[in-house]
Each structure stands twice: as C-alpha cells, then as structure tokens.
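Report on one structure; see the data block that follows.
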Amino acid sequence: MVYAALFIKTNRIARIFQAGKRGTKRPSLISPRSQLIICAGLLMVQVFINLVWMLLSPSSAVHMYPTREDNVLVCSSHKDASYMIAFGYPIMLILVCTVYAVLTRKIPGAFNESQHI
C-alpha cells in the first residue's frame, strides 16, 4: 500500500512540473479524488495477484528433515519459491518510484508536497 501511494505522489509531482515546463495547461488526473482512485486500483492489482496465487498454490506447513535428528516445519512455498510471485509487483512499484524520485529530485524545497519524498 505504501509503494502505491508513493508512486502516485511522485508521479503527480513529476507530471505537474513537466507540464509547467511545456505550458500552462494543467495535467489531468491530479485531483485528490483521482489520486485515491488510482491508488485503490493499484492496490486491487496486488490483491488480485495474491488471491490468484493463493488459489493456485495454497500454502501449508510441511515437515522437512535436513538431517536424521532434525525435523523442521516450513511453509510449502519455501520449496519452490512461489512466494516470489507476491514480491514481483511491489518490486516493480519500487523501481518506478525510484525513477520518478530521480526525475523530481531538483524540485524546489519550498514546494509543500515534495518535502516528504
């Protein structure tokens, strides 16, 4: 949820300043309501990915015996690394946020919305 909100915020600031360089036309979809809707859409994508993953490969506890004396209880997704499916989307959001953060790094410090990026 944090990465989606950060992506929306950095995207908005980058688009506002890029539009200011090109002309006086206000960019579309920068209102708070549209920002919330886009953020909710990004969150629903992640929820959908996780639901499909859980339906196709539900996790369960499995006993592993690394040695004759040891008995380790692990999650079944640990064996085939299917848990990495859930990390792909947030990693993509982090990379896009990083790109937008680099694009917005020279924004004036007096701009209120850029202070917390």
Side-chain angles (χ1 to χ4, degrees):
M1 183 166 58
V2 173
Y3 304 132
L6 185 64
F7 165 67
I8 295 298
K9 185 176 185 96
T10 55
N11 180 7
R12 177 181 184 223
I13 292 171
R15 289 186 319 135
I16 287 172
F17 278 93
Q18 284 176 356
K21 290 178 184 176
R22 286 187 248 141
T24 58
K25 186 179 178 201
R26 183 178 183 209
S28 61
L29 301 174
I30 61 169
S31 69
R33 183 176 182 198
S34 63
Q35 299 275 307
L36 289 173
I37 292 170
I38 294 169
C39 189
L42 290 173
L43 290 175
M44 289 303 123
V45 169
Q46 186 166 4
V47 168
F48 177 74
I49 290 170
N50 286 331
L51 281 176
V52 168
W53 171 50
M54 284 295 161
L55 289 174
L56 293 177
S57 174
S59 60
S60 61
V62 180
H63 292 278
M64 285 185 63
Y65 302 97
T67 64
R68 284 186 168 255
E69 296 82 25
D70 293 334
N71 180 7
V72 180
L73 190 63
V74 296
C75 183
S76 64
S77 64
H78 172 70
K79 290 181 179 178
D80 59 0
S82 64
Y83 61 90
M84 290 303 292
I85 294 170
F87 290 129
Y89 184 70
I91 288 171
M92 189 231 9
L93 282 177
I94 290 169
L95 292 174
V96 173
C97 286
T98 303
V99 169
Y100 276 114
V102 169
L103 291 175
T104 60
R105 73 185 183 277
K106 295 183 181 179
I107 290 178
F111 188 61
N112 283 340
E113 291 191 31
S114 67
Q115 292 175 354
H116 302 293
I117 294 180

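Hydrogens, waters and symmetry mates play no part in the numbers below; they use all other heavy atoms, side chains included.
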Between Y100 and T10 the two heavy atoms that sit nearest each other are CB-OG1, 3.5 Å
Students should find that the hydrophobic cluster of V102, defined by side-chain heavy atoms under 4.5 Å apart, otherwise consists of none
All heavy atoms of I30 vs all of Q35, minimum pair found to be CA-NE2, 3.7 Å
Between the CG atom in D70 and the CE atom in M64, the distance rounded to the nearest 0.5 Å is 11.0 Å
Besides L56, the hydrophobic cluster formed by Ile, Leu, Val, Met, Phe, Trp and Tyr side chains linked at under 4.5 Å, directly or via other members, contains F48, V52
Looking only at heavy atoms, the pair that brings T104 and I13 closest together is CG2-CG2, 4.1 Å
More than 12 non-hydrogen atoms from neighbouring residues, nucleotides or ligands closer than 6.0 Å to CE on M54, yes or no?
yes
Check: Any side-chain heavy-atom pair from L51 and V47 closer than 4.5 angstrom?
Finding: yes
Scanning both residues in full, the closest heavy-atom pair of P27 with R15 reads CG-O, 3.8 Å
*asked:* If hydrophobic clusters are built from ILVMFWY residues whose side chains come within less than 4.5 Å, do L43 and I91 share one?
replied: no
What about Y65 and L73, same hydrophobic cluster or not, with Ile/Leu/Val/Met/Phe/Trp/Tyr joined at side-chain heavy-atom distances under 4.5 Å? no
Scanning both residues in full, the closest heavy-atom pair of L93 with A4 reads CD1-N, 4.0 Å
Practice task
Please answer: with hydrophobic residues joined when any side-chain heavy atoms are less than 4.5 Å apart, are I94 and I38 in the same cluster?
Solution key: yes
Sequence neighbours excluded, the answer for ring pair (Phe, Tyr, Trp, His ring centres under 6.0 Å) partners of Y89 is none
Closest non-hydrogen atoms of V96 and F7, given as atom of the first, atom of the second and distance, are CG1-CE1, 3.1 Å
Linking I/L/V/M/F/W/Y whenever any side-chain heavy atoms sit under 4.5 Å apart, do M44 and I8 land together?
no
Practice prompt. Measure from the side-chain N and O atoms of R26 to the backbone N and O of A19, and report whether any donor-acceptor pair falls under 3.5 Å.
Written response: no
Q) Hey, any chance Y3 and L95 share a hydrophobic cluster, counting ILVMFWY side chains that come within less than 4.5 Å of each other, even indirectly? A) yes
